[in-house]
Structure formats: structure tokens, C-alpha cells
Amino acid sequence: MKNIMVTGSSGLIGSEVVTFFHAQGFNIHGVDNNQRAVFFGPPGDTRWSQKRLSETLKNFHHHELDIRNRQDILDLVKEIKPSGIIHAAAQPSHDRAAAIPFDDFDTNAVGTLNLLEAARQNCPESPFIHMSTNKVYGDRPNIIPLKELETRWDYADPTYSNGIPETFSIDQSKHSLFGASKAASDIMVQEYGRYFGMPTCCLRGGCLTGPNHTGVELHGFLSYLVKCNLEGREYRIFGYKGKQVRDNIHSEDVARFIHAFYLNPRSGEVYNLGGGKANSCSIIEAFKLVEEFSGRGQIYIYMEENRIGDHICYYSDLTKMKLHYPGWNITKSLKQTIREIVQSWQERLQK
Ligand SMILES: NC(=O)c1ccc[n+]([C@@H]2O[C@H](COP(=O)([O-])OP(=O)(O)OC[C@H]3O[C@@H](n4cnc5c(N)ncnc54)[C@H](O)[C@@H]3O)[C@@H](O)[C@H]2O)c1
């Protein structure tokens, strides 16, 4: 039975990857210290997810480790010599990063280096898949000319009619401290591919979502929006008339791509991983979709000021992913994804 290691295993992406690879017959070592609860307080607690994995998956082994602890990470990778490392542990919020710059950089940049070096020393042939983010592009997508439609913004420049490609510059724009720490790790992961020839890739996520997200105001907008809807709580829109566009991808489709890369790895690659134009929506469009499934009107308040560095319109160009991995495609529509998130919160809020 092959071993794989998943960091951030209690989080949205980590837990989905654990479940997906377990179903394919892997022995899984998950690393998570519930740091999300430290970053975001009790609403960010992921113990429920860890418990679910431990109770339902017999070949899942939880390790209560902090990826910032270099020696612990070196020891674990040396001991288990995984056939693949999926790195999904992070401080994931760009707004939160400004208040905790050391924790943010130590987790996102240094934690990633700890894992890369542990992999190079112990299992350099094993695919290393890093969850990066579209925030590495900073606010540069905002300089693309836009057109204002009734319920959303869209690109006016036909160059971007399929979305943002991987060739888009990550340089000379405002990233937030989070975007900067993630850009550091993104480049380091590419470098371990290019310099050492290791099979690494960076997945620059748009909005990754799904029923297992523990959405909070500062991270996980769809999950949080649904939670507000079901609890009858006010959702705060920050600027851009609520027409800001996000592309949403179900975490299962993320896990499916990670598995495809694991089976046929390349070196030092970068992919923009989102739902693409077909799975994109604005915030006010999201309200309508959620209302359809929950039957409840969304309560919200509009704040004039946008979040610093926030994208006005972002959707990923999926062309390169599909070219390199033609067997992969989006399998969950936005509607289906929202329906699952609504169902999941309905169950979790009843407990
Ligand atoms: N969800 C999104 O919309 C999105 C978008 C773009 C990129 N990403 C990236 O994908 C990855 C996964 O995101 P997610 O949504 O699953 O986040 P998440 O917060 O749900 O999961 C991350 C997990 O990592 C754990 N963790 C954090 N710091 C740790 C540390 N120092 N040691 C051990 N464990 C630690 C947390 O407890 C949490 O369970 C992150 O790298 C994130 O930046 C996410």
C-alpha cells in the first residue's frame, strides 16, 4: 500500500484529498494542528473534520504537527518516505495576514520550505503538489479593462475572454502580505522543480470551496455566505457594488486534478486552478443561487470600501490544465456545489 502525506488534512482541500486518495487505496498521513482555530477563532475550528476522517477512514493517520517545526517535519518525512506530498496547510486569508505577519510568513513560506527540503532529502522522486493561490498575481488583474454588466463585472479585453492564464505577471502589484508569503512559497516550489529536477507543481487556486469548508468572514466566501443565509445573519459586501466575480471550484475537482498530477507528474509546473468562467459568479449572483436552495432571503449590508488588493473580476483560464491533463475536467457545476454547501451547513448547524 502506498503512503502519501497531506498537510492541512483537516482543512477544506486537505480533507478532500485524504478522502479521495483513501478511496484509491492509499495509506494516508495527515498533518494538521488545527491552526485554523488560532487564525480565525472558534468558528475556524477544524476538529470536526479531523474527527470525521479518523472515524471513517481506516488507513488515515493523523499527526498533530506544526509545519513550522522543521525538525518534526524532517523526522516525519524521513520515517514515512511518502510516495507523494500534497501541501495544503496554510494561513489562507489575505485580510488576516496583516495582523499576524510572522505567523503568516512562517507558515506559508518557511513551512513550505521545511516540507520541500524534507522531501528533497528523503523522497526527491515523489510528486510534491503545492496549493498556491491566485493572490500571487496581486491586484494586477484589476488593471484589465472591465465592462459593467447588470449583476457582474467582466473583462472587456478579449485577450482574457477565457480568464487569467499562468503567463500573467506576478510582479509589481499589491499582493497583501498573504499574497507575498504565498508568492515566496510558489517560487520556491517551482525552484525545487527547476533547480533540483523534482516533480513539483503549484496550483494557483481561485475560490476553492465545497461542503467541507469551515467558512469564516475572512476566508471561504461561499461557505460563509451560505452559513450567514441559513443563520439569518448579515453578510457584509465590501465594495465593487457586489458585482465582484470569483470562479468557484468544488474541492473534489481539485482532488481529482491533484491525483492526475500525482500519476503523471511534471517538473516545476504552475496551473491556475479554479472553476473557470462557467463556474464564476458575482456576490449578488451568489445570493440568488443560495436563496434558491435554502428558501431564505439573504440579509446583507453594503460597505463602500473594498478589501485592500481584492480582485474586481477573476476567473481562471483552464486551458493549460486541460492540455496537460486531458482526462481532467470540472465535474461539479456551480449550482451543484452550492446545493451541497447548503445541505452540509444545514446538517452541521443542527448538531
Ligand atoms: N479555499 C480557497 O478558496 C483557496 C483559494 C486559493 C488558494 N487556497 C489555498 O489552498 C490551501 C488549502 O486551503 P483551504 O481552503 O483548505 O484552507 P483551510 O484553512 O480550510 O485548511 C488549511 C488547514 O491547514 C492547517 N494548518 C494551518 N497552519 C498550519 C500549521 N502551521 N501546521 C499544521 N497545520 C496547519 C489548518 O488548521 C487547516 O485545517 C491553502 O494553501 C490556501 O492558501 C485556498
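Indexing begins at 1, ligand by ligand and atom by atom, following the structure's order.
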[X] contact mode with ligand 1 (heavy-atom cut-off under 4.0 Å):
X      : result
Thr46  : side chain
Thr7   : neither
Lys135 : neither
Lys182 : side chain

Which atoms of ligand 1 are found less than 4.0 Å from any heavy atom of [X]?
X      : result
Gly205 : 6 (C)
Thr107 : 28 (N), 31 (N)
Gln35  : 26 (N), 27 (C), 28 (N), 29 (C), 35 (C), 37 (O)
Leu65  : 32 (N), 33 (C)
Pro92  : 19 (O)
Ala88  : 11 (C), 12 (C), 22 (C), 40 (C)
Cys207 : 3 (O)
Asn33  : 29 (C), 30 (C), 32 (N), 33 (C), 34 (N), 35 (C)

Please confirm whether [X] approaches ligand 1 to less than 4.0 Å, judged on its heavy atoms.
X      : value
Gln91  : no
Gly111 : no
Ser10  : yes
Asn134 : no
Ser9   : no
Gln50  : no

Does this structure show an ion pair linking [X] with [Y], if we count only N-O contacts that are shorter than 4.0 Å?
X      : Y      : value
Lys78  : Asp75  : no
Glu285 : Lys288 : no
Arg68  : Asp103 : yes
Glu64  : Arg47  : yes
Lys243 : Glu150 : no
Glu166 : Arg204 : no

Residue and atom name of the nearest protein heavy atom (relative to [atom]), distance in Å to one decimal:
atom                    : value
atom 21 (O) of ligand 1 : Gly11 CA, 3.2 Å
atom 32 (N) of ligand 1 : Ile67 N, 3.0 Å
atom 17 (O) of ligand 1 : His219 CE1, 3.9 Å
atom 16 (O) of ligand 1 : Ile13 N, 2.9 Å
atom 19 (O) of ligand 1 : Arg36 NH1, 2.6 Å
atom 31 (N) of ligand 1 : Asp66 OD1, 2.9 Å
atom 20 (O) of ligand 1 : Leu12 N, 3.0 Å
atom 38 (C) of ligand 1 : Asp32 OD2, 3.5 Å

Would Met131 count as a polar contact of ligand 1, with the cut-off being nitrogen or oxygen pairs under 3.5 Å? yes

Do any N/O atoms on Ala89 end up under 3.5 angstrom from N/O atoms on ligand 1? no

Validate the cation-pi geometry between [X] and [Y]: distance from NZ or CZ to the six-membered ring centre under 6.0 Å, angle to the ring axis within 45°.
X      : Y      : answer
Arg96  : Phe39  : no
Arg348 : Trp48  : yes
Lys147 : Tyr155 : no

Indicate yes or no: at least one non-hydrogen side-chain atom of Val189 is less than 4.5 angstrom from one of Leu116. yes

Ile164 vs Asp317 side-chain heavy atoms within contact, under 4.5 Å: no

Rounded to the nearest 0.5 Å, how far does CD1 of Ile85 lie from OH of Tyr262? 11.5 Å

What class does the angle between the rings of [X] and [Y] fall in, given that below 30° is parallel, 30 to 60° is tilted and above 60° is perpendicular?
X      : Y      : value
Phe261 : Tyr325 : tilted
His63  : His29  : tilted
Tyr235 : Tyr224 : tilted

Heavy-atom nearest neighbour of atom 2 (C) of ligand 1 within options Asp72, Leu208, Asn34: Leu208

Taking the minimum heavy-atom distance to atom 9 (C) of ligand 1, which of Ser251, Gly206, Ser132, Ser185 ranks first? Ser132

Are Tyr137 and His311 close enough that their ring centres sit under 6.0 Å apart? no

Looking only at heavy atoms, what is the nearest atom pair of Ala88 and Gly14, with distance? CB-N, 4.0 Å

